[in-house]
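Labels below follow one simple rule: chain letters A, B, ... track the order of the sequence lines, proteins then strands, and each chain is numbered from 1. Only a predicted model underlies this, so the values are computations on that prediction, with no experimental measurement involved.
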Protein chains: 2
Amino acid sequence: MAATVSDVARAAGVSASTVSRALTGGTVSPATREMVMAVASQLGYQPNRAARGLITGRTGNLGLIVPDLRNPFFADVVKGVTTRARALDCGVFIADTDEDPRAELEAVAALSRNTDGLLLCSPRAGDDELLEVVEPASTVLIHRQVPGIPSVVADMVDGTRQAIAHLHALGHRRVAYVAGPEDSWASRQRQAALADAHADVEILRLGSVAPTFQGGVLAGDLVLASPATAVVAYNDMVALGLLHRLAARGISVPERLSVVGYDDVSLATMSHPPLTTVAVPKGRAGAAALDMVQRRIGGAGGRPRASQAAPEQEIVLGTSLVVRSSSGVAGA
Amino acid sequence: MAATVSDVARAAGVSASTVSRALTGGTVSPATREMVMAVASQLGYQPNRAARGLITGRTGNLGLIVPDLRNPFFADVVKGVTTRARALDCGVFIADTDEDPRAELEAVAALSRNTDGLLLCSPRAGDDELLEVVEPASTVLIHRQVPGIPSVVADMVDGTRQAIAHLHALGHRRVAYVAGPEDSWASRQRQAALADAHADVEILRLGSVAPTFQGGVLAGDLVLASPATAVVAYNDMVALGLLHRLAARGISVPERLSVVGYDDVSLATMSHPPLTTVAVPKGRAGAAALDMVQRRIGGAGGRPRASQAAPEQEIVLGTSLVVRSSSGVAGA
DNA sequence: ATGAAAGCGCTAACAC
DNA sequence: GTGTTAGCGCTTTCAT
């Protein structure tokens, strides 16, 4: 059986409350504190978070909900969250919803009772459904915006602008866009951004396709049937599938066609040729979201502190185009 | 504030214990149960697991520790665990140790107090360190064996045998093996398996290299400088890097050189050419480990039940060679 | 600066 | 079958 405060108290010859104070930073004499700490670590004492949470009203745990851990994009976000959580000594419950909006809503319900806050990464559920189950005071959305719920997003408008400016500079005037899932927030974002990225560049919308490698393979033929000299894919996985299909059809990239993705997943450096892509901060977004939710629930320890100067509702992280070898001069 | 048992009890006109019984499957009259359930769901009651855990001694939560979530291999394992956990209504704490053995040990210490059991996936710490901090009764290792700690592993000996038999059948007699990290359990496993996979096939050991895409790139030149007609890589990431380097040097695969990997990560289908690889069950291993730890801690609710017919200590999952296009007839 | 006592939400004995 | 009581491990008043 694990050691409890009482065990430590007995071994240290003090009361349980003193142990508690020594360990959580209450008013104790330096000497006592040091002694208690020594005894505690010597006994391998680890506080029972459940018991602590029962009284403080805070569990010290967070919930993190993602659509699919296998997607390298989400893996990066999760990694950012867990890394920051480790530094903050905060537990992270993980839930993978398998891209199922219903599972997402269930996960929110199950986790919200047993955590201090929730991080929802790219949730697939609709705005209204989300607003129904989510507690805005202790929830942060990652890479998704819903009016009324705080969020951390990447500046896709700027990233898109950079991508199109890059292609324009290389002489491209007709650029295909391979769209992802119709109704997704990210997809709408990208399309809106493309719409007014550059006056001189005509955007040819293709798709939509699944946001996967296979979706990209499928898109390859669509792109070749269009008059575009360059293509912007919904994300890197689609871009990679595209590259794969183009190679299979003997099309040289970037000579005949330039390809640009979104996300900058690690695979983007491993393709043939390495992929030019709009880098979106993934780990950084996860870490920022964790900090944000901590700030919002923090300090007050459950008690909602009286209106303190309108807490931030949104963080927009910068994006940057990473130019590799899949983009080049038009008609080269 | 969330509803508590007392709230439900008051609203239902019964005592708190009756509510508890109705919700957890105790002896209650069907009518009462139904009524309580209705009131509970109407109030949106969600049990406070912390409080429940305090008394039952079980938290209903598990800890899952992995070296690196970005590694698609581990992502698959995690996914297997979380999927099974969802079905069992069991929370999963995730910890990413960044391949750091010390962080691993710390994670074990921090999590073991606040979970019912621990799943350690491919831990990097040494046998002795692990044995020191781990509670064998409530821990299961995934893809790693340590005497005295239960584990779920894949049959690498058989997988390796299949791979070498495949290459032998294609006429290969000299096969290079690109070794991974010297001191890793997995690496030793594979080498032992290769040593007596086939009497007619000579194994040329190369490396070791980092178990990454970059490691594979590096290994590409090593392999070409050897007389081997085929190469087995430490894992798929190395094999993919190898393929990349070979392509860059204009070596055609499988005509000039056959390449085989281990793991069958999803990327293995996306390479040029698609990779022949020893498929190891990843999600299945995670799910099996979860079931195993539940079985071992289950029922008794904390109280270690008196010796019940020697609980299983090890599960070995089958592997199978997936033949794609990176392997072919020798000297073709 | 420290100890005693109360209580967080829940379930397990024990009565009835 | 149901209510009452006690207590899990911890923190936090309230005394001192």
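Applying the 4.0 Å criterion to OP1 and OP2 of dG1(D), one finds that T32(B) has every side-chain N and O outside that range. The side chain of T4(B) places no N or O atom within less than 4.0 Å of a non-bridging phosphate oxygen (OP1 or OP2) of dG9(C). The shortest distance between the side-chain N/O atoms of S6(A) and the OP1/OP2 oxygens of dC10(D) is not below 4.0 Å.
Here S17(B) lies in heavy-atom contact (under 4.0 Å) with a base. Using a 4.0 Å heavy-atom distance criterion, T18(B) is classed as a sugar-phosphate-only contact.
Counting heavy atoms of neighbouring residues, nucleotides and ligands inside a 6.0 Å radius, atom CE of M35(B) exceeds 12 of them. Around CD of E34(B), the count of heavy atoms belonging to other residues, nucleotides or ligands within 6.0 Å does not exceed 12.
Rounded to the nearest 0.5 Å, atoms OG1 (T82(A)) and CG (D98(B)) are 7.5 Å apart.
Here dT11(C) presents its C1' atom at 4 Å from CD1 of I55(B), a figure rounded to the nearest Å. Put simply, CG on L23(B) is 16 Å from P on dG9(C), counting in whole angstrom units. When rounded to the nearest whole Å, the span between CZ of R58(A) and C1' of dG9(C) equals 18 Å. Summarising the geometry, the separation between CZ on R10(A) and P on dT2(C) is reported as 19 Å, rounded to the nearest angstrom. Between the C1' atom of dT11(D) and the CZ atom of R21(A) lies a distance of 9 Å, rounded to the nearest Å. As rounded to whole Å, 18 Å separates atom P of dG9(C) from atom CZ of R52(A).
Within residues 43-51 of chain A, no residue is approached by DNA chain C to less than 4.0 Å at the level of any non-hydrogen atom.
Distance alone, capped at 3.5 Å, places no donor-acceptor pair between the E104(A) side chain and the E99(A) backbone.
Evaluation of atom-type donor-acceptor distances gives no pair under 3.5 Å for the side chain of R113(B) against the base of dG9(D).
Minimum atom distance to the side chain of T27(A) is reached by dA1(C), of the listed dG1(D), dT4(D), dA1(C). Of the candidates dT11(C), dG9(D), dT13(D), dT11(C) carries the atom nearest the T56(B) side chain, counting heavy atoms from C-beta on. Set against dG3(C), dT11(C), dG9(D), the side chain of L54(A) has dG9(D) as its closest nucleotide. Across dT2(D), dT13(D), dA12(C), the shortest atom-to-atom separation from the side chain of V28(B) is found for dT2(D).
Contact check on D76(A) versus K79(A) returns no salt bridge, with no Lys/Arg side-chain nitrogen under 4.0 Å from an Asp/Glu carboxylate oxygen. Ion pairing of D127(A) with R144(A) is present here, as a side-chain N (NZ or NE/NH1/NH2) and a carboxylate O approach within less than 4.0 Å. Using a cut-off of 4.0 Å between Lys/Arg side-chain N and Asp/Glu carboxylate O, D89(B) and R49(B) are scored as salt-bridged.
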